[in-house]
Engineer: 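Please see the structure below; I have some questions.
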Amino acid sequence: RHPTCGRTDSKPPMDVAPVLQTEKQQLAEPRKFVLDEEAKEGIAYVAKLFTNDRVSREAFTFLAPENSSEDVIIMDGETVGRWILEVGNRLFEEGSLPGLPSWEQEESPELRASLKAWEDACSVAMGPIFAELVETAFKQAEAGFYQLGRLAPRLAALRWCSCMAWVRFRTRAVMEASSGGGNCSIPNAKASHDACEQAKRFIFKALDSVVSEPRVRVLFDYDLVGEGVWSGGGKEPLPTESEDEWHRRSCEFDLCRIAHQVERAPPEDVNSTIPRLLVMQPYGTPHKRLRLPEVARMILERHNWFTQVENMPLLNLCSKSAIVGPILHLEVPPPPDFDLDDPEVRSKVERGEDLGKANQEDGLPGALHGSVGLLYAALAFEEEIVNVHFHPGSLVLEGLMEMFLHYGPKLRTISLQGNAGFITEDSLSLLTLAGDTVKTLDLENCDLDPSFLEGILNTVKSLRALQVLDLAGNKLDGPTALHMVAALCDNRIDLDILRLDGNPLGTPEVFKNEVATLLATRGESVVAGGDLVLHVGDDAVRWCAAPKEGSLAWRLREDGGDVVRTTSLKEMDRMVAQVENQLQKWEVADPRAAKSAGGRDWLRRKRTHNAGVWASPGLRFYRKQRAWLASQKD
């Protein structure tokens, strides 16, 4: 009761300390909640999607012509969303092929809204909200694609729209398989197949809307020297902007690549509906409908560009590292062959006039232009080429090598063999565009002298997966070669094969001893590894990777450089036979000791060690080489 009025009051007096209030009284009081907008909701749903549903990562493939399905396998699911946003902004600002001089941006509020919606989607943790933002990003991307006017920006928008379409259908399938909220479950096989099929059909439809346009068909018809594109009662002219080779070839390459990329995405049973390029034929002849990825080779062959694909000759296996798979040879077409029986040509010759370049004149489809490197890149993707050989013409033609290495497939072998007089510092620096997949670099007979040493080392440092470096037949002297080996050791660049034969190295014995010293010094810092063998004729330098007591590295460290000695493979082969003969003689001379338990164990250990030396890679290589030389003499 209240002390003054005697009424009952359920609320305690205001001056009562909170700690003295009962639990029931505290619960009865109203509470206020403040929303902390900076508090984290949890893991972003986009990270869950791309981590759990690997097929969703295929969306990244469509964003750039140099991307492939193999890239998404090794990608971290938590970073795919941000990568998509970064490449999407680059598409809008710089196009599908950043850096080309022909690019001109076209404003699109719809694409900006799509990019903003995707940026917001990358930060939400709840599935329904993510799906809603993805739906907005897709619809805005679709609207932006259809409202753009110029071809190059529209192709960039097609790539972004294809990416958003793939994410949209995959998100739908994941959401139907999940229980809501922030859950992300993998859809079953049928739902996954249906989602991919719907996405591919939408992309094919959008691609067909571009390929069927007369202004797009005329690009391919012009380079194929076709019969023209007829629309609206007349012949469609080549657009003014497409008279620029960079613009025309970049659009052709972009269309060929996106068709190939979507074709490689699952499922394969939808590929029969891929859009075809309609090529008009003369009256009475059926028109042709071509697969876009095949058009690149047709254009190159139409203008006599060298497109030969062949395997490594077997005769080179005895001296060069084997190349697995076909090799694409890149070379410019031969000079035009003029018909001297033509009266007009004959009259020009008689007057001493220049005959010109015929169909290779600047501005014509057959002109020698660096943009052809993009067509070579499309051809290599289509035919799954990973080994290339650049010939002199392809090195001299500005832009060809750069475009191929930058936008082409991930290469395993690059050969510049036989390009004496055509290799420059710029040519070597361009090789770094090939990335971290190149395992063999062939620079044989390229007329490389000591002035190229720095360029070679910079290139090798950038090609971090390089295993074979062929420098045979050049002009590298002994000090330069030793400097290069020392630099490789200092930078921990461990090549499997470094070929230097045919260079003026000086006295072979002195060079071998110097190399052995460098290798032994390199071996002191190696914790684990195998054997390193340097072959020079019949001789070899063999060292143990760990500096064990009694090894070459250990003796070099303890006694200095005078202990370095080399043993020829021929001598090792002879010693194996001598050891076996000595063991057999001992068995005959003392059979009682040989048949005892200790004698049998000793013989077994000796013969096991001898068999290991006999089967070592160095001796196997030596015997094969001797057999091959014998067969050549026969």
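Here, residue 1 is the first one in the sequence, and each next residue gets the next number. These figures come from a predicted structure and were not determined experimentally.
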Engineer: Would you call E236 and R217 a salt bridge, using N to O less than 4.0 angstrom?
Structural biologist: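 No, E236 and R217 are not salt-bridged.
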Engineer: So do the side chains of S250 and L374 get within less than 4.5 Å of each other, counting heavy atoms only?
Structural biologist: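 Answer yes - side chains close enough.
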Engineer: Other residues, nucleotides and ligands only: do more than 12 of their heavy atoms fall within 6.0 Å of CD on E398?
Structural biologist: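 No, not enclosed.
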Engineer: Flag the pair M75 / W83 as yes when at least one side-chain heavy-atom distance between them is below 4.5 Å, and no otherwise.
Structural biologist: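 Side chain of M75 against side chain of W83, heavy atoms only: contact under 4.5 Å found.
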Engineer: Just by distance, do the side chain of Q261 and the backbone of A64 share a donor-acceptor pair under 3.5 Å?
Structural biologist: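 Here the side-chain-to-backbone pair exists.
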Engineer: Using side-chain hydrogen bond (donor to acceptor under 3.5 Å, both in side chains), reason through D269 and H193 one step at a time and then give a plain yes or no.
Structural biologist: CA-CA 10 Å; D269 53 4; H193 178 277; 3.2 Å; yes
Engineer: Measure from the side-chain N and O atoms of S427 to the backbone N and O of I423, and report whether any donor-acceptor pair falls under 3.5 Å.
Structural biologist: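 Here the side-chain-to-backbone pair does not exist.
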Engineer: Kindly confirm or rule out a cation-pi arrangement of R112 over F92, judged by NZ or CZ under 6.0 Å from the six-membered ring centre and within 45° of its axis?
Structural biologist: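 Here R112 fails the 6.0 Å and 45° test against F92.
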Engineer: Check this for me: E301, atom CD, are more than 12 non-hydrogen atoms of other residues, nucleotides or ligands nearer than 6.0 Å?
Structural biologist: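 Correct, the count exceeds 12.
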Engineer: Determine whether a donor-acceptor pair (N or O, by modelled atom type, separation under 3.5 Å) exists between the side chain of H389 and the backbone of Q417.
Structural biologist: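 Confirmed, H389 side chain pairs with Q417 backbone.
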Engineer: Compare all side-chain heavy atoms of E58 with those of R264 and state whether any distance is below 4.5 angstrom.
Structural biologist: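 In short, these two side chains do not touch, never coming nearer than 4.5 Å.
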Engineer: Regarding W160 and S114, is there a side-chain donor-to-acceptor distance under 3.5 Å anywhere?
Structural biologist: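 Checked: W160/S114 side chains pair up, N/O donor to acceptor below 3.5 Å.
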Engineer: Could you pull out the closest heavy-atom pair between N387 and V324, with the gap in Å?
Structural biologist: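 In this case the closest contact between N387 and V324 is ND2-O, 2.9 Å.
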Engineer: Does some side-chain heavy atom of L219 sit less than 4.5 Å from a side-chain heavy atom of C251?
Structural biologist: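 Yes, at least one pair of side-chain atoms sits under 4.5 Å.
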Engineer: Under a plain distance cut-off of 3.5 Å, with no hydrogens placed, do K200 and N271 share a side-chain donor-acceptor pair?
Structural biologist: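 K200 and N271 do have a side-chain donor-acceptor pair below 3.5 Å.
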Engineer: Does this structure show an ion pair linking R90 with E86, if we count only N-O contacts that are shorter than 4.0 Å?
Structural biologist: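 E86 and R90: not salt-bridged.
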Engineer: State, to 0.1 Å, how close H303 and P333 come at their nearest heavy-atom pair, and which atoms those are.
Structural biologist: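 Result for this residue pair: O-CB, 3.5 Å.
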Engineer: Under a 3.5 Å distance rule, please check whether T413 uses its side chain to pair with a backbone N or O of I323 as donor and acceptor.
Structural biologist: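 Between the backbone of I323 and the side chain of T413 there is no qualifying donor-acceptor contact (under 3.5 Å).
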Engineer: To the nearest 0.5 angstrom, please state how far the CG atom of D244 sits from the NE2 atom of H369.
Structural biologist: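 Those atoms lie 6.5 Å apart.
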Engineer: Check the angle between the aromatic planes of H329 and F306 and answer parallel, tilted or perpendicular using the 30° and 60° thresholds.
Structural biologist: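 Rings of H329 and F306: perpendicular, as their planes differ by over 60°.
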Engineer: Which of these, R291, R257, R297, sits in a side chain to side chain donor-acceptor pair (under 3.5 Å) with E382?
Structural biologist: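 Of R291, R257, R297, side chain to side chain donor-acceptor pair (under 3.5 Å) with E382 is met by R291 alone.
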Engineer: Could you check whether any side-chain N or O of Y222 sits under 3.5 Å from a backbone N or O of P237, counting only pairs where one atom can act as donor and the other as acceptor?
Structural biologist: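 Not a single qualifying donor-acceptor pair exists.
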Engineer: Do E241 and S102 get their side chains close enough for a donor-acceptor pair, meaning under 3.5 Å?
Structural biologist: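 Note: E241 and S102 side chains miss the donor-acceptor criterion.
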Engineer: Tell me the side chain to side chain donor-acceptor pair (under 3.5 Å) pairs involving residues 129-140, sequence neighbours left out?
Structural biologist: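 Those involving residues 129-140 are E135-R168.
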Engineer: Can you tell me how far apart SG (C446) and CZ (F452) are? Round to the nearest 0.5 Å.
Structural biologist: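 With rounding to 0.5 Å, SG (C446) is 9.0 Å from CZ (F452).
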Engineer: I'd like to know if the side chain of N67 and the backbone of F60 have a donor-acceptor N/O pair within less than 3.5 Å.
Structural biologist: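 Such a contact is found between N67 side chain and F60 backbone.
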Engineer: Could you tell me whether the side chain of E310 reaches within less than 4.5 Å of the side chain of P326, counting heavy atoms only?
Structural biologist: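 Contact flag for P326/E310 side chains = no.
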Engineer: Quick one: do D254 and R159 make a salt bridge, cutoff under 4.0 Å?
Structural biologist: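 Answer for the salt bridge query: yes.
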Engineer: How long is the straight-line distance from OG of S192 back to CG of D53, given to the nearest 0.5 Å?
Structural biologist: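 Nearest 0.5 Å value for the CG-OG distance: 6.5 Å.
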Engineer: Determine, for D120 against K116, whether the closest basic-nitrogen to carboxylate-oxygen distance falls under 4.0 angstrom.
Structural biologist: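 Yes, charged N to carboxylate O under 4.0 Å.
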Engineer: Counting only heavy atoms not in E454 (residues, nucleotides, ligands), do more than 12 fall under 6.0 Å from its CD?
Structural biologist: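 Check fails, neighbour count at 12 or below.
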Engineer: Below 4.5 Å, heavy atoms only, C-beta onward: do D470 and L443 meet side chain to side chain?
Structural biologist: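 No - every pair of side-chain heavy atoms lies 4.5 Å or more apart.
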Engineer: Under the criterion side chain to side chain contact (heavy atoms under 4.5 Å, CB included), which of D442, T459, L405, L463 is the partner of I414?
Structural biologist: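 Running side chain to side chain contact (heavy atoms under 4.5 Å, CB included) over D442, T459, L405, L463 with I414 returns exactly one hit, L405.
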Engineer: Around atom CZ of R150, are there more than 12 heavy atoms of other residues, nucleotides or ligands at under 6.0 Å?
Structural biologist: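 Atom CZ in R150 is crowded, with more than 12 foreign heavy atoms closer than 6.0 Å.
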Engineer: Please answer whether the main-chain N or O of V372 pairs with a side-chain N or O of W305 as donor and acceptor at a distance below 3.5 Å.
Structural biologist: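 Checking the backbone N and O of V372 against the side chain of W305, no donor-acceptor pair under 3.5 Å is found.
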Engineer: Kindly compute the distance separating SG (C256) from CD1 (I299), expressed to the nearest 0.5 Å.
Structural biologist: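 CD1 of I299 is found 6.5 Å from SG of C256.
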Engineer: For the residue pair L375 and F404, establish whether any side-chain heavy-atom pair is separated by less than 4.5 Å.
Structural biologist: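 A side-chain contact is absent here, since even the closest heavy-atom pair is not under 4.5 Å.
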Engineer: Counting only N and O atoms by type, is there a donor-acceptor contact under 3.5 Å from the side chain of S178 to the main-chain atoms of S185?
Structural biologist: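 Confirmed, S178 side chain pairs with S185 backbone.
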Engineer: Indicate yes or no: does K410 engage D436 in a salt bridge with an N to O separation below 4.0 Å.
Structural biologist: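 No, no charged N to carboxylate O under 4.0 Å.
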Engineer: Restricting to non-hydrogen atoms, name the atom on P187 and the atom on A177 that form the minimum distance, rounded to 0.1 Å.
Structural biologist: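 Taking P187 first and A177 second, the nearest heavy atoms are CA-CB, 3.8 Å.
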Engineer: Evaluate salt bridge (Lys or Arg N to Asp or Glu O under 4.0 Å) for D223 paired with R249, printing each intermediate quantity in order.
Structural biologist: CA-CA 9 Å; D223 274 339; R249 298 277 167 68; 3.1 Å; yes
Engineer: Distance-only, no hydrogens or angles: does the N419 side chain make a donor-acceptor pair with backbone N or O of L416 under 3.5 Å?
Structural biologist: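 Such a contact is found between N419 side chain and L416 backbone.
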Engineer: Identify the residue among T432, L466, N491 that makes a side chain to side chain contact (heavy atoms under 4.5 Å, CB included) with K461.
Structural biologist: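 For K461, the side chain to side chain contact (heavy atoms under 4.5 Å, CB included) test succeeds with only one of T432, L466, N491, which is N491.
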Engineer: Measure the shortest side-chain to side-chain distance between V388 and I327 over non-hydrogen atoms and say whether it is less than 4.5 angstrom.
Structural biologist: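 V388 vs I327: side chains apart.
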Engineer: Say whether, by atom type as modelled, one donor and one acceptor occur between the side chain of T440 and the main chain of V468 under 3.5 angstrom.
Structural biologist: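 No; zero donor-acceptor contacts below 3.5 Å.
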Engineer: Hey, what's the ring geometry for Y45 with F130, parallel, tilted or perpendicular (30° and 60° as the breaks)?
Structural biologist: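 Ring orientation, 0 to 90° scale: tilted.
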Engineer: Using the ring pair (Phe, Tyr, Trp, His ring centres under 6.0 Å) rule, collect all pairs that involve residues 137-158, keeping only residues at least two apart or in two chains.
Structural biologist: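 Found F138-F202.
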